[in-house]
Participant: 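First the structure, then my questions, so here it is.
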Amino acid sequence: MSALWYIENVDMYTLLCPHKFAEYSKNHNFKRFGKEDVVYWEEDAASSIYLIAEGKVKIVVYGENGEERIKAILGKGELFGEMALFGAEKRRECAVAIDTNTVLCPMSAETMNNLMRDYKDFALGIRKLIGWKLQKIERRMEILLFKDAETRLREFIKDLASESGQKRGETVIIKHIYTQQNIADLIGLARPTLNQLFNDLRSQGALDFKRGEICIKKRQMFAV
DNA sequence: GCATTAAAGAGAG
DNA sequence: CTCTCTTTAATGC
């Protein structure tokens, strides 16, 4: 992976919140959301881009029977609604806050385009963020094509490790934002199945886990 | 091999 | 304490 794509442990929110630029700071405009609060629906006018300052947001689409399919779960420093930048007029997905204290930093497509024109570093940062998100979603689609549940989980953990794992000798510690329900949704499993897989992997000595953290015991078992 | 359901335990606010 | 998340078992496709 080239260095350009990889922004390690940088708080992209602090870096990119457009309101830190003088001419926009007077409009600083946070929006606070609670659990299950909708940021936008499908078909809503796509006028703004959102940067996540705090909390989590799920991006969902709905199937024919109204069942929800989770496209992505995004956390602090990530961005969504970016199609507004490319001239989209309507949302093609729904964005819902899933943390009790989710804070978003909205900005109009116009403001964003002006900033990207005036500040090269900012523009580069935003492009990286969009590219990173695209890559993440594409990668997850690949994972869903793997046959069995265990392979999908192992691949998911592998990706998490290369995104944010801290290597210490043979072990890799991964702090993450997902609940088991979130992970199950993302890789197409029932939650109890996921839980059982985690327990299996733990009893094999492959990893350990607790809320918000996965600790890989033997790196080679996940090829990281 | 995995989903669904249910019931109960553990942790966070 | 209450709500959310996790664990575990039973049952069925």
Side-chain angles (χ1 to χ4, degrees), chain A residues 9 11 13-14 30-41 50 52-78 80 93-105 136-161 163-166 171-218 221-224:
Chain A
N9 296 331
D11 181 344
Y13 169 70
T14 319
F30 282 122
K31 276 192 181 166
R32 195 169 288 272
F33 295 82
K35 208 175 168 59
E36 300 301 324
D37 286 348
V38 173
V39 182
Y40 56 72
W41 288 107
Y50 296 85
I52 303 176
E54 205 64 61
K56 289 192 303 191
V57 172
K58 65 179 177 186
I59 305 298
V60 302
V61 292
Y62 292 94
E64 282 157 22
N65 310 321
E67 79 279 11
E68 90 171 16
R69 297 187 188 142
I70 301 199
K71 279 176 67 178
I73 291 176
L74 306 171
K76 182 173 180 175
E78 293 185 288
F80 62 96
E93 61 197 19
C94 182
V96 182
I98 51 175
D99 262 9
T100 46
N101 185 31
T102 296
V103 181
L104 304 179
C105 174
K136 197 168 150 186
I137 291 179
E138 228 174 75
R139 176 70 188 127
R140 206 162 61 67
M141 282 176 48
E142 290 171 24
I143 290 179
L144 285 169
L145 297 177
F146 281 103
K147 315 133 282 284
D148 58 72
E150 184 173 329
T151 310
R152 296 209 292 275
L153 177 57
R154 295 179 91 99
E155 290 293 316
F156 183 83
I157 293 172
K158 194 167 121 186
D159 286 1
L160 268 190
E163 272 170 31
S164 58
Q166 296 177 30
T171 72
V172 183
I173 297 170
I174 305 165
K175 308 239 185 208
H176 62 84
I177 60 170
Y178 307 108
T179 64
Q180 290 194 5
Q181 179 71 67
N182 290 161
I183 298 174
D185 288 339
L186 289 173
I187 64 179
L189 293 179
R191 201 193 38 71
T193 304
L194 178 80
N195 188 211
Q196 190 161 328
L197 281 174
F198 264 124
N199 286 328
D200 290 350
L201 289 169
R202 174 154 62 189
S203 58
Q204 290 165 26
L207 53 73
D208 202 357
F209 65 95
K210 57 186 177 189
R211 265 172 215 241
E213 191 176 317
I214 298 170
C215 178
I216 296 176
K217 296 290 189 184
K218 293 172 183 165
M221 293 187 72
F222 292 85
V224 286

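Proteins get letters first, then strands, A, B, ... in listed order; numbering begins at 1 in each.
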Participant: Taking only residues two or more places apart in sequence, or in another chain, which ones meet A:Asp185 in a side chain to side chain contact (heavy atoms under 4.5 Å, CB included)?
Facilitator: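 With sequence neighbours excluded, A:Asp185 shows a side chain to side chain contact (heavy atoms under 4.5 Å, CB included) to A:Ile70, A:Gln181, given in chain and number order.
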Participant: Distance check, rounded to the nearest 0.5 Å: A:Arg152 atom CZ versus A:Leu186 atom CG?
Facilitator: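 Nearest 0.5 Å value for the CZ-CG distance: 12.0 Å.
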Participant: On the nucleotide C:dC5, are OP1 or OP2 found under 4.0 Å from the side-chain N or O atoms that A:Lys35 carries?
Facilitator: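 So the side chain of A:Lys35 is within the cut-off, an N or O lying under 4.0 Å from OP1 or OP2 of C:dC5.
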Participant: Rounded to whole Å, please give me the gap between CD in A:Gln181 and P in C:dC3.
Facilitator: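 A:Gln181 atom CD is separated from C:dC3 atom P by 19 Å.
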Participant: For residues A:Ile177 and A:Lys56, report the shortest heavy-atom separation together with the two atoms involved.
Facilitator: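 For A:Ile177 and A:Lys56, the tightest heavy-atom pair comes out as O-NZ, 2.7 Å.
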Participant: Can you list, in residue-number order, the parts of residues 185-193 of chain A that come under 4.0 Å of DNA chain B, counting heavy atoms only?
Facilitator: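 Contacting residues: A:Gly188, A:Leu189, A:Ala190, A:Pro192, A:Thr193.
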Participant: Taking 4.0 Å as the cut-off, does a side-chain nitrogen or oxygen of A:Gln180 come that near to OP1 or OP2 on C:dT7?
Facilitator: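 Indeed, a polar side-chain atom of A:Gln180 lies that close.
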Participant: For the pair made of CD in A:Gln196 and C1' in C:dT7, what is the distance, rounded to whole Å?
Facilitator: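 After rounding, the gap between these two atoms is 11 Å.
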Participant: Please, which pairs that meet ring-ring contact (aromatic ring centres under 6.0 Å, His included) have at least one residue in residues 187-209 of chain A, sequence neighbours excluded?
Facilitator: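 Checked against ring-ring contact (aromatic ring centres under 6.0 Å, His included) - neighbours excluded - the pairs reaching residues 187-209 of chain A are A:Phe198-A:Phe209.
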Participant: Test of understanding: with side-chain hydrogen bond (donor to acceptor under 3.5 Å, both in side chains), list the residues that count as partners of A:Lys158, not counting sequence neighbours.
Facilitator: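 A:Lys158 satisfies side-chain hydrogen bond (donor to acceptor under 3.5 Å, both in side chains) with no other residue.
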Participant: Mind checking side-chain hydrogen bond (donor to acceptor under 3.5 Å, both in side chains) for A:Glu67 and listing every partner two or more places apart, or none if nothing turns up?
Facilitator: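 A:Glu67 satisfies side-chain hydrogen bond (donor to acceptor under 3.5 Å, both in side chains) with A:Arg69 only.
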Participant: To the nearest Å, how far apart are A:Arg211 CZ and C:dT7 P?
Facilitator: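 Result: 9 Å.
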Participant: Applying side-chain hydrogen bond (donor to acceptor under 3.5 Å, both in side chains), can you list everything that pairs with A:Tyr50, at least two apart in sequence or on another chain?
Facilitator: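 Counting only residues at least two positions away or on another chain, A:Tyr50 forms no side-chain hydrogen bond (donor to acceptor under 3.5 Å, both in side chains).
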Participant: Nearest-Å distance, CD (A:Glu67) to P (B:dA3)?
Facilitator: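 So the CD-P distance, A:Glu67 to B:dA3, works out to 15 Å.
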Participant: Let me know the distance between CG of A:Leu153 and C1' of B:dG1, rounded to the nearest Å.
Facilitator: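 The answer, rounded to whole Å, is 15 Å.
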Participant: Starting from C1' on C:dT4, measure out to NZ on A:Lys56 and report it in whole angstrom.
Facilitator: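 Roughly 11 Å, once rounded to whole Å.
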Participant: Provide, to the nearest angstrom, the distance between the CD1 atom belonging to A:Ile183 and the P atom belonging to C:dT7.
Facilitator: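 In whole Å, C:dT7 P lies 11 Å from A:Ile183 CD1.
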Participant: So, does A:Asn195 get its side chain near the phosphate of C:dT6, meaning an N or O under 4.0 Å from OP1 or OP2?
Facilitator: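 So the side-chain polar atoms of A:Asn195 never come under 4.0 Å of the phosphate oxygens OP1 or OP2 of C:dT6.
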Participant: A:Ile177 has an atom CD1; how far is it from atom C1' of C:dC5, in whole Å?
Facilitator: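 Those two atoms, CD1 and C1', are 15 Å apart.
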Participant: Touch check for A:Phe209, heavy atoms < 4.0 angstrom, all strands: base, sugar-phosphate only, or nothing?
Facilitator: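 Sugar-phosphate contact only - A:Phe209 comes under 4.0 Å of backbone atoms but never of a base.
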